[in-house]
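What follows is a single structure, written as structure tokens, with notes after it.
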Amino acid sequence: MIYLVTADKELFTTDIYKIISVEESLALLNPLKIVGLDTETEGLDPWTKKLKLLQLGNRNFQVIIDCFTVDVLKYKDYLESDRTFLGWNLKFDLKFLFRNGIYPKSLYDGYLAEKLLWLGYPAGMHSLSLKAAGNNYLNIELDKSVRSKITYSDLTTDVIQYSADDVKYLEDIIHKQWKKLYEKNLTNAIKVENQFVIPLAYCEYCGIKLDINKWRAKMKVDQDIFNKTVGNLNNWVIEHFPKDSTLVGRNLQGDLWDGFDAEPKCKINWSSPKQVIPLFEKLGLNLMTKDRATGDMKKSVDTKVIKPQQEVSSIVPIYMEYKAAAKVVGTYGQNFIDQINPISGRIHTNFTQLGADTTRITSGGKDKSNNTEYVNLLNLPANATTRDCFVAEPGNKWISLDYKGQETYLMASIANDKAILKELTEGSGDIHSLVAYMSYPEIPRDTPIKDIKKLYPELRQNSKGTEFGINYGGDANTIYINNGIPLEEAHRVYDAYMSAFKGLKEYQNFRRKDWWDKGYILLSPLTGHKAFIYDYEELQEIQKSFKEPGFWEYYREMKDSAPTCETVQKVKYFFKRKSTYEKKSINFPIQAAGSMCLRYSMIYFFEYIRKNKLFDIVKICITPYDEINCEAPEKIAYEIAKVLYNCMVKAGEIFCTECKLDADISYIDNNKLPDHWVH
DNA sequence: ATCTGTAGCGCC
DNA sequence: AAAGGGCGCTACAGAT
């Protein structure tokens with residue numbers, strides 16, 4: 001049965017639906033403890049578009065509320081009750097409810113559950129839509145084409161019918177979905193995600209204020225630098241390849257001179273690696289490098305490749321400067337101004353909860369259907385000029401907290417490495433110095449760790465790269481490539497590292513096997529989040545074929561004589577995949593723990609905002625991985641900072657059990673720069 | 001004109 | 001056997 005709540009005088013009860021009052025609808029809905037929820041809106045943006053319909057109900061009946069003629073706030077108490085509201089991608093509906101002053105408390109998001117079930121699978125391998133779920137779980141067809149009609153049409157019967165269907169089947173779909181979650185031991189994980197979606201939606205809804213004048217000034221500077229570097233590159237070429245140079249006609253193929261008698265003009269498109277590669281090779285640079293994804297050798301003008309060869313040609317540093325400038329102009333310029341919402345005056349991005357296989361959120365993207373683009377707010381350049389453009393509203397203070405050495409502490413705790421933990425908790429707290437001491441015998445053995453930063457800054461700096469590389473599965477070869485030291489020395493450093501940090505070694509050895517034993521990477525033993533090995537069966541099949549009689553004999557025979565044959569390729573593929581998963585298996589739990597700290601921090605913080613009715617007053621602005629930036633009225637800013645600090649520490653205690661994961665109130669002021677944003 | 005894949009680089 | 005994890009955006013280049 002479908003009920004319609006509307007004050008539209010032209011609508012009457014039909015065979016399909018019955019018109020009832022708000023009070024009648026609440027009386028009907030009141031007994032439900034689990035309620036399907038959906039909304040239909042004029043568009044994607046809660047600031048410029050209106051909420052059109054609110055649908056509530058279950059498989060027996062559905063209530064459609066016409067929000068254009070009925071005050072949706074009459075349902076506020078109901079929606080903020082302890083009932084659990086079922087929905088699909090509720091982050092979207094939440095933002096429209098927030099805009100209407102309604103803040104639901106208890107949710108179950110089938111879309112997030114579907115993401116959890118398919119975490120680890122490449123995008124597009126499995127549809128996560130409600131329509132697909134209707135198909136897969138109930139074998140029914142849910143018609144979503146009505147979505148496009150709803151913006152333009154009145155409340156026609158088919159619109160009402162289909163809008164009702166969106167809540168009608170939710171309970172049955174989610175019931176079946178729950179069985180899958182239970183089988184895969186993901187019921188705790190979905191509880192976390194269902195709580196996290198609320199503060200995450202709130203963060204999108206709040207957005208962040210950009211100081212347009214500062215941003216335009218920055219753009220001007222960036223553009224000038226860009227123009228200058230392009231000019232410098234062109235001049236360099238003209239200067240080094242005079243008109244009579246044989247290089248011109250033969251190797252640059254007319255790209256330098258524009259006509260026979262014109263002024264010299266460089267026609268190289270510097271943003272085209274394809275055009276830069278032949279020039280740089282002619283200048284004597286070695287551009288060969290290994291493609292990390294394919295493992296094949298290729299030519300590249302990547303900074304990593306050319307930076308060590310700066311002495312080969314004086315164009316190299318100019319080109320590096322150019323690339324940095326091009327990136328800034330292209331990515332961090334006008335698009336940010338275009339993103340300022342005309343109503344809120346702020347930039348609202350789109351976050352993807354569970355965007356990464358590690359459970360990290362991602363930011364950005366575009367919705368082609370509505371021609372909507374979002375900027376990525378999680379990779380803003382970490383320099384003062386850029387970050388200083390993001391400010392608090394007048395009367396507010398910007399509050400910035402970040403976890404202190406989040407991944408180092410989490411890794412030490414998760415690996416339970418006593419040596420690292422000891423240094424963190426009782427020693428210098430500076431792991432880079434400890435690593436330097438362990439790695440370099442030339443540092444006298446009686447040197448206190450705390451003095452190394454001052455006495456051996458270079459060795460300590462090298463150790464950072466070593467640490468990072470090894471912690472995430474790299475080995476001597478990684479150090480050799482990263483630090484540019486002889487392979488032999490790299491081996492010595494690696495061995496020293498591993499014998500000093502036995503807990504880490506043990507952790508890594510365990511992690512290298514665990515994914516294969518389970519068929520997934522256990523991201524967090526506490527929440528049960530998992531990244532599935534999407535090609536696990538394929539890899540098992542390949543491994544089985546290795547056991548066929550004579551396989552390795554045949555392989556050894558073919559390896560040199562026919563390296564492209566199926567057998568050799570299969571072996572190569574298998575070990576490449578295996579190696580990738582081993583490294584993921586080492587890294588993911590650390591990354592996931594950081595991600596969980598952020599989730600719990602935000603959940604706790606939002607609880608406080610709810611309890612103290614600070615919606616729209618305390619704004620959560622931007623949350624890059626290990627920091628939370630919010631703004632609050634000056635009067636309460638210090639109190640809010642303290643609350644947020646406690647939330648972050650409390651979250652840290654759950655996931656970092658062997659040492660204290662602390663947070664820094666790194667900044668609290670208005671329209672000035674957070675220290676930690678400057679590097 | 002529009003789509004897709006790749007290279008390169010911004011962040012943690 | 002291969003040799004450091006996770007993302008998104010912009011430009012180019014080639015295909016349609």
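Throughout, protein chains are lettered first and strands after them, A, B, ... in sequence-line order, and every chain is numbered starting at 1. Note that this is a predicted model, so its numbers are computed, not measured. Just so it is clear, the values below take in all heavy atoms, side chains as well, and ignore hydrogens, waters and symmetry mates.
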Of all residues at least two apart in sequence or in a different chain, which pass the ring-ring contact (aromatic ring centres under 6.0 Å, His included) check with A:Tyr121?
A:Trp118
Using a cut-off of less than 4.0 Å, is there contact between a side-chain N or O of A:Lys584 and OP1 or OP2 of C:dG6?
yes
Is the shortest side-chain N/O distance from A:Asn379 to OP1 or OP2 of C:dG6 below 4.0 Å?
no
In the 5'-to-3' direction, what one-character label does each nucleotide of nucleotides 1-9 of chain B receive under the scheme B = base within less than 4.0 Å of a protein heavy atom, S = sugar-phosphate only, - = no such atom?
------SBB
Partners of A:Tyr374 by ring-ring contact (aromatic ring centres under 6.0 Å, His included), sequence neighbours excluded?
none
For residues 460-474 of chain A, which residue pairs qualify under salt bridge (charged side-chain N to carboxylate O under 4.0 Å, His left out), counting only residues two or more places apart or in two chains?
A:Asp430-A:Arg460
List the residues meeting ring-ring contact (aromatic ring centres under 6.0 Å, His included) with A:Tyr536, not counting sequence neighbours, and say none if there are none.
A:Trp516
Distance-only donor-acceptor hits, side chain of residues 487-510 of chain A, under 3.5 Å, sequence neighbours excluded:
residue	atom	partner	partner atom	Å
A:Arg492	NH1	A:Ser439	O	2.8
A:Tyr497	OH	A:Asn471	OD1	2.7
A:Ser499	OG	A:Asp495	O	3.0
A:Ser499	OG	A:Ala496	O	3.3
A:Lys502	NZ	A:Ser499	O	2.7
A:Tyr507	OH	A:Ile586	O	3.0
A:Gln508	OE1	A:Arg512	NH2	3.3
A:Gln508	NE2	A:Ile470	O	2.9
A:Gln508	NE2	A:Asn471	O	3.4
A:Asn509	ND2	A:Lys505	O	3.4

Residues in salt bridge (Lys or Arg N to Asp or Glu O under 4.0 Å) contact with A:Glu193, at least two apart in sequence or another chain:
A:Arg599
Which residues pass the salt bridge (Lys or Arg N to Asp or Glu O under 4.0 Å) test with A:Lys274, sequence neighbours left out?
none
Donor-acceptor contacts under 3.5 Å from residues 324-341 of chain A side chains, at least two apart:
residue	atom	partner	partner atom	Å
A:Thr331	OG1	A:Lys327	O	3.3
A:Tyr332	OH	A:Asn379	O	2.7
A:Tyr332	OH	A:Asn379	ND2	3.3
A:Gln334	NE2	A:Asp338	OD1	2.9
A:Gln339	NE2	A:Glu373	O	3.0
A:Asn341	OD1	A:Ile343	N	2.9
A:Asn341	OD1	A:Ser344	N	3.2
A:Asn341	ND2	A:Asp45	OD1	3.4
A:Asn341	ND2	A:Asp45	OD2	2.8

Residue pairs, two or more places apart or on separate chains, that pass salt bridge (charged side-chain N to carboxylate O under 4.0 Å, His left out) and touch residues 551-574 of chain A
none
Would the distance check show the side chain of A:Asp302 and the main-chain N or O of A:Val305 forming a donor-acceptor pair, the cut-off being under 3.5 Å?
no
Distances under 3.5 Å only, N/O to N/O: pair up the protein atoms with those of nucleotides 14-16 of chain C.
residue	atom	partner	partner atom	Å
C:dG14	OP1	A:Lys274	NZ	2.5

Rounded to 10°, the angle between the first-five-pair and last-five-pair axes of the helix from B:dA1-C:dT16 to B:dC12-C:dG5 is 10°
Using only side-chain N and O atoms of A:Asn376, determine if any of them is under 4.0 Å from OP1 or OP2 of C:dC7.
no
